[in-house]
Amino acid sequence: MPARPDQPDQARRDPRQGVEERQNVVMTTTAQETDFEQATHGYRRELLAHCYRMTGSFHEAEDLVQETYLRAWRAFHGFEGRSSVRTWLHRIATNVCLTNLEGRARRPLPTGLGTADSSAGDELEWDAEVPWLEPVPDAAVLVAERDTIRLAFIAALQHLPARQRAVLILRDVLRWSAREVAETLDTTPAAVNSALQRAHAQMARADLTEGSPADRLSTGQRQLLERYVDAFWRKDIAEIVGLLTSEAVWEMPPFTGWYRGAENIGRLIDVQCPGGVHDMPMVATTANGQPAFGLYMRQPGSDGGFLPFQLQVLELDGDRVARVAAFFDPELFATFGLPDRLDHKAP
């Protein structure tokens with residue numbers, strides 16, 4: 001049946017109508033994007049810290065934060081404000097992390113492998129197959145309590161099953177109620193409290209001690225770090241040993257061995273480290289709320305330049321160094337914003 005003149009069919013519609021409809025869609029999408037960006041702005045560094053605690057990997061955490069924002073964007077139209085945006089985002093991030101951790105191996109440091117400490121004379125064993133724990137740049141994360149990002153705390157978390165890890169982080173770090181955690185994990189408050197109790201027992205076995213955040217170091221500790229850098233530059237083994245506590249621990253993933261005792265560590269550096277006098281300059285940074293240094297190694301050649309060798313993260317005990325995690329991963333230097341090369345004039 002032909003259309004009446006006062007009821008035009010699709011072919012006879014005003015072409016401006018389709019343009020207006022598309023413009024309305026674009027305007028609605030743009031408005032939603034603006035609302036989403038305004039609502040979620042400022043949480044990325046906090047979410048990165050949360051995902052890093054869950055995974056022990058800075059690079060995985062970056063990807064998981066991206067996934068969190070993608071899921072949040074898709075669900076934003078249904079967000080009804082029954083919780084704060086911060087809580088809503090952390091709920092999404094927690095479940096994104098739990099999905100990612102299914103069937104995955106935990107990320108240890110060498111001390112977490114369950115092996116006895118090594119002697120400086122033992123052969124070094126490299127294992128690139130282990131998904132090692134990674135340090136995180138202080139500049140990348142936002143935390144209320146610096147101890148909750150310390151390397152020792154993150155390493156201890158890795159000994160917990162993923163859901164227990166989530167419970168402890170949500171309850172003890174984010175200070176959520178058992179009911180809020182239960183809603184996030186689709187369980188009961190009683191089950192949350194039981195998981196938290198088991199997590200506390202496991203963390204107690206880690207024997208964590210308090211540390212001084214890198215931004216609150218005493219004058220004596222800052223002088224200690226200056227002497228530490230100078231001692232490596234001169235490869236003064238006696239000085240390095242004197243700066244360590246008697247029961248200091250040294251580990252250097254992806255090497256599987258770990259070393260206890262100042263004298264043992266001194267022999268390790270003396271015998272196993274390829275650098276000599278004036279071969280190892282350091283550039284200061286901070287990682288996991290702790291003082292850290294990018295150590296460079298002199299390269300053979302006429303220019304005498306230095307290339308990235310290891311990133312050291314230090315834990316201090318008073319006026320001595322109690323623990324060093326030396327990460328042999330040159331890619332970390334870019335992650336921490338450190339130079340990819342030093343010229344022959346260093347330090």
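Trp258 places none of its side-chain heavy atoms less than 4.5 Å from the side chain of Met252. When side chains are defined from C-beta on, His41 does not count as touching Gln38, because their heavy atoms never get closer than 4.5 Å. No side-chain heavy atom of Pro254 sits under 4.5 Å from any side-chain heavy atom of Phe327. Within the 4.5 Å cutoff, the side chain of Arg298 has no heavy atoms near those of the Pro281 side chain. Side-chain contact check for Tyr228 versus Leu314: some heavy-atom pair is nearer than 4.5 Å. Looking at heavy atoms from C-beta onward, Val241 lies in side-chain contact with Glu263 at the 4.5 angstrom threshold. With contacts defined as side-chain heavy-atom distances shorter than 4.5 Å, the pair Phe293/Leu311 does not qualify. Counting only heavy atoms from C-beta outward, the side chains of Thr256 and Val130 never approach each other to under 4.5 Å.
Rounded to the nearest 0.5 angstrom, Leu47 CG and Leu142 CG are separated by 10.0 Å. Ile240 contributes atom CD1, which lies 9.0 Å from atom CZ of Arg234 (distance to the nearest 0.5 angstrom). For the atom pair Thr184 OG1 and His90 NE2, the distance stands at 10.5 Å (nearest 0.5 Å).
In terms of modelled atom types and a separation under 3.5 Å, the side chain of Arg163 and the main chain of Leu185 share a donor-acceptor contact.
Partner His50 forms a side chain to side chain donor-acceptor pair (under 3.5 Å) with one of Thr94, Thr148, Thr68 and no other, that one being Thr94.
Using a cutoff of 4.0 Å between basic side-chain nitrogens and carboxylate oxygens, Arg323 and Asp317 are not scored as salt-bridged. Between Arg175 and Glu145 there is a salt bridge, since at least one side-chain N of the basic residue sits less than 4.0 Å from a carboxylate O of the acidic one. Looking at Arg91 and Glu180, no side-chain N of the basic residue comes within less than 4.0 Å of a carboxylate O on the acidic one, giving no salt bridge. The residues Glu226 and Arg222 are annotated as not salt-bridged, no charged nitrogen and carboxylate oxygen being separated by less than 4.0 angstrom.
In this structure, a donor-acceptor pair under 3.5 Å is absent between the side chains of Tyr296 and Asp340. Using a 3.5 Å distance cut-off with no hydrogens or angles, the side chains of Gln66 and Arg44 do pair a donor with an acceptor. A donor-acceptor pair shorter than 3.5 Å can be found between the side chains of Asn100 and Glu60.
For the ring-ring contact (aromatic ring centres under 6.0 Å, His included) condition, no pair includes a residue of residues 189-212, sequence neighbours left out.
Counting all heavy atoms, side chain and backbone alike, Met280 lies closest to Cys273 at SD-SG, 3.3 Å.
The six-membered or imidazole ring of Phe309 lies near that of Phe328, with a centre-to-centre distance under 6.0 Å.
In this structure, Gln299 places its CD atom where more than 12 heavy-atom neighbours from other residues, nucleotides or ligands lie under 6.0 Å away. More than 12 heavy atoms of other residues, nucleotides or ligands sit less than 6.0 Å from atom CG of Asp215.
Between Trp73 and Phe36, the angle of the ring planes goes over 60°, which puts this pair in the perpendicular group of the 30/60° scheme.
Connection of Leu113 to Leu268 is not established within any shared hydrophobic cluster, with ILVMFWY side chains joined at heavy-atom distances below 4.5 Å, either directly or through further cluster members. Residues Trp132 and Val313 are members of separate hydrophobic clusters, defined by side-chain heavy-atom contacts under 4.5 angstrom among Ile, Leu, Val, Met, Phe, Trp and Tyr. Val249 and Leu151 fall into different hydrophobic clusters, defined by Ile, Leu, Val, Met, Phe, Trp and Tyr side-chain heavy atoms under 4.5 Å apart, directly or through other members. Tracing side-chain contacts under 4.5 Å through hydrophobic residues (I, L, V, M, F, W, Y), one reaches Val173 starting from Val181; they form part of the same cluster. Two different hydrophobic clusters hold Leu307 and Val229 under the rule that ILVMFWY side chains link at heavy-atom gaps under 4.5 Å.
At least one test fails for Arg86 against the ring of Tyr43: distance under 6.0 Å to the centre or angle within 45° of the axis.
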Could you go step by step and tell me if Met282 and Gln312 meet the side-chain contact (heavy atoms from CB on, under 4.5 Å) rule?
-> CA-CA 9 Å; Met282 290 182 171; Gln312 295 188 11; 3.7 Å; yes
